[in-house]
S.K.: 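Below is one structure. I have some questions about it.
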Amino acid sequence: MLGTVDMKLVHISDIHIHPQPILGYDPIANFQACMDHVSTHNDDADLVIISGDLTHHGQPDSYAKLAEMLASWNHKPLLMMGNHDYRENFRAAFPQVQTDPDGYVQYRQDTALGRFLLLDTAEAGTHAGHFGEKRQAWLRSELEQARQDGLPVYLVMHHNPVVVGIPNADDIGLMDGDAFRDILTTYRDDIRHIFFGHCHYVLSGSVCGIPFSAPRSTSHPCVPDFSGIDRMGYGDLTPTYNICLLDENATVVHSIDFLKQDSIVWMHTNADGWVSDGTAKS
């Protein structure tokens with residue numbers, strides 16, 4: 001064995017709670033299936049985060065439905081703002097969620113492994129991400145404090161902080177990207193990983209030398225399209241959430257197709273980890 005992990009994080013994004021189907025998907029049924037899968041197969045998770053687009057139109061009844069669903073779940077996820085959310089309605093439904101001094105839904109969460117900083121990149125009237133001077137100042141202050149405290153940092157945000165090469169995603173990505181990347185460069189040695197959502201498809205890579213990852217939407221997953229045309233592809237795709245296994249030396253991210261659980265066939269391995277498939281050796 002290579003060793004053990006120190007922390008299991010469930011990263012869920014873009015649940016889009018809404019009373020009607022979206023692009024043929026039922027967002028409420030899908031999120032319920034996601035919660036059920038986590039409870040059945042990953043109930044030992046140390047932390048659950050839902051990184052924005054909690055609702056589809058930011059309506060009070062959608063936040064009320066989400067609150068009802070979460071009240072019966074044995075996990076208490078950290079909640080964040082996305083471009084489909086409405087900050088005032090969210091805060092009315094979830095008054096316990098912290099805000100910064102300027103009213104943005106961004107806050108810290110300390111864990112045994114390090115400090116998570118959850119950012120608010122939503123801006124009223126646009127689907128693009130914004131992280132203006134006040135929010136930048138908050139992040140710089142928090143990163144400086146974490147450095148002084150000797151704590152590694154994990155950043156969580158909704159919008160993609162880097163160009164992903166897909167026009168419809170990059171058109172509404174983080175508009176303050178240059179300023180944000182300046183902060184990343186300054187604190188690159190302190191930041192272990194960046195988690196985000198927004199794009200609705202599985203992503204991984206790095207920005208300013210910092211690795212990042214994102215899951216598909218649980219509501220209506222999309223297909224990355226490299227044609228250069230402004231369009232969005234969707235169809236017979238399975239939504240996912242991510243299981244992230246963290247320790248002081250590594251971050252491993254697994255994409256979980258939670259609606260496919262019943263179709264999985266399990267085969268036991270032998271002592272050295274191999275599976276016998278019943279075929280003869282040549």
Side-chain angles (χ1 to χ4, degrees), residues 10-38 49-59 61-63 65-66 69 77 79-86 121-123 125-129 156-175 194-205 212-244 253-264:
V10 172
H11 179 199
I12 302 167
S13 198
D14 298 87
I15 61 177
H16 287 261
I17 297 301
H18 189 61
Q20 287 85 39
I22 303 171
L23 302 179
Y25 293 89
D26 184 335
I28 293 175
N30 278 6
F31 182 56
Q32 183 65 59
C34 176
M35 292 193 299
D36 292 344
H37 191 279
V38 171
I49 297 176
I50 308 177
S51 57
D53 279 3
L54 306 174
T55 68
H56 195 50
H57 290 308
Q59 297 170 335
D61 60 340
S62 294
Y63 287 117
K65 179 61 179 179
L66 176 59
M69 296 175 77
L79 304 177
M80 301 175 60
M81 290 288 91
N83 51 291
H84 281 260
D85 290 305
Y86 186 71
T121 57
E123 187 80 6
T126 177
H127 286 294
V156 194
M157 58 198 300
H158 180 69
H159 289 83
N160 48 303
V162 64
V163 171
V164 299
I166 312 298
N168 77 293
D170 292 329
D171 288 347
I172 56 173
L174 189 66
M175 296 295 102
I194 302 172
F195 302 95
F196 64 88
H198 188 50
C199 298
H200 286 224
Y201 36 79
V202 174
L203 275 168
S204 62
F212 64 71
S213 61
R216 278 179 177 167
S217 164
T218 63
S219 171
H220 48 291
C222 297
V223 176
D225 172 38
F226 303 97
S227 67
I229 301 171
D230 272 304
R231 63 183 183 181
M232 183 190 76
Y234 70 97
D236 187 17
L237 303 170
T238 57
T240 67
Y241 67 88
N242 282 354
I243 289 291
C244 311
V253 179
H254 297 272
S255 182
I256 309 299
D257 298 286
F258 58 89
L259 293 183
K260 294 292 187 178
Q261 187 67 38
D262 291 343
S263 66
I264 295 173

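We use all heavy atoms of the structure for the numbers below, so side chains are in, but hydrogens, waters and symmetry mates are not. Computed from a predicted model, the values in this text were never measured in an experiment.
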S.K.: Looking at side-chain heavy atoms only, is the closest gap between F212 and N160 below 4.5 Å?
M.R.: no
S.K.: Determine whether a donor-acceptor pair (N or O, by modelled atom type, separation under 3.5 Å) exists between the side chain of N30 and the backbone of T218.
M.R.: yes
S.K.: State whether the side chain of D85 and the backbone N or O of L54 hold a donor-acceptor pair below 3.5 Å, judged by distance alone.
M.R.: yes
S.K.: Treating D170 as the side-chain partner and G165 as the backbone partner, does any N or O pair qualify as donor plus acceptor under 3.5 Å?
M.R.: yes
S.K.: Decide yes or no for T126 and N83: does some side-chain heavy atom of the first lie under 4.5 Å from some side-chain heavy atom of the second?
M.R.: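 Of all side-chain heavy-atom pairs linking N83 with T126, none is under 4.5 Å.
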S.K.: Taking atom types as modelled and ignoring hydrogens, do the side chains of H37 and Y241 form a donor-acceptor contact shorter than 3.5 angstrom?
M.R.: yes
S.K.: Using a 3.5 Å distance criterion without hydrogens, assess whether the side chain of Y63 forms a donor-acceptor pair with backbone atoms of Y86.
M.R.: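 Yes; judged by distance alone, with no hydrogens or angles, the pair exists.
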S.K.: If I compare all heavy atoms of P215 with all of F196, which pair ends up nearest, and what's the gap?
M.R.: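 Where P215 meets F196 most closely, the heavy atoms are CD-O, 3.4 Å.
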S.K.: Hey, does K65 have a side-chain heavy atom less than 4.5 Å from the side chain of T55?
M.R.: no
S.K.: In the structure I gave you, are the side-chain heavy atoms of I15 and D53 within less than 4.5 Å of one another anywhere?
M.R.: no
S.K.: Please answer whether the main-chain N or O of D14 pairs with a side-chain N or O of S217 as donor and acceptor at a distance below 3.5 Å.
M.R.: yes
S.K.: So, applying ring pair (Phe, Tyr, Trp, His ring centres under 6.0 Å) with H127, which one of H84, H158, H198 is it?
M.R.: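 When H84, H158, H198 are each tested with H127, the ring pair (Phe, Tyr, Trp, His ring centres under 6.0 Å) holds only for H84.
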S.K.: Run the side-chain hydrogen bond (donor to acceptor under 3.5 Å, both in side chains) test against D61 and tell me which residues pass, sequence neighbours left out.
M.R.: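 Scan of D61 (side-chain hydrogen bond (donor to acceptor under 3.5 Å, both in side chains), adjacent residues dropped) gives none.
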S.K.: Are side-chain heavy atoms of F31 and I50 found at a separation under 4.5 Å?
M.R.: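 Answer yes - side chains close enough.
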S.K.: Decide yes or no for Y25 and P221: does some side-chain heavy atom of the first lie under 4.5 Å from some side-chain heavy atom of the second?
M.R.: yes
S.K.: Would you say the side chains of S51 and H11 form a donor-acceptor pair under 3.5 Å?
M.R.: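 Per modelled atom types, S51 and H11 side chains form a pair under 3.5 Å.
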S.K.: I want to know whether H200 and H16 have ring centres closer than 6.0 Å.
M.R.: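 Yes.
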S.K.: Would a distance-only check, ignoring hydrogens and angles, find a side-chain to backbone donor-acceptor pair under 3.5 Å from D225 to I166?
M.R.: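 Not at all, since once roles are kept as given, no pair shorter than 3.5 Å links the two residues.
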S.K.: Using modelled atom types only, decide if a donor and an acceptor are shared between the side chain of D257 and the backbone of K260 within a distance under 3.5 Å.
M.R.: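 No: the side chain of D257 does not pair with the backbone of K260.
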S.K.: What heavy-atom pair brings D230 and N168 nearest, and what distance separates the two atoms?
M.R.: OD1-N, 3.7 Å
S.K.: Would you say T240 and I256 make side-chain contact, with heavy atoms under 4.5 Å?
M.R.: no
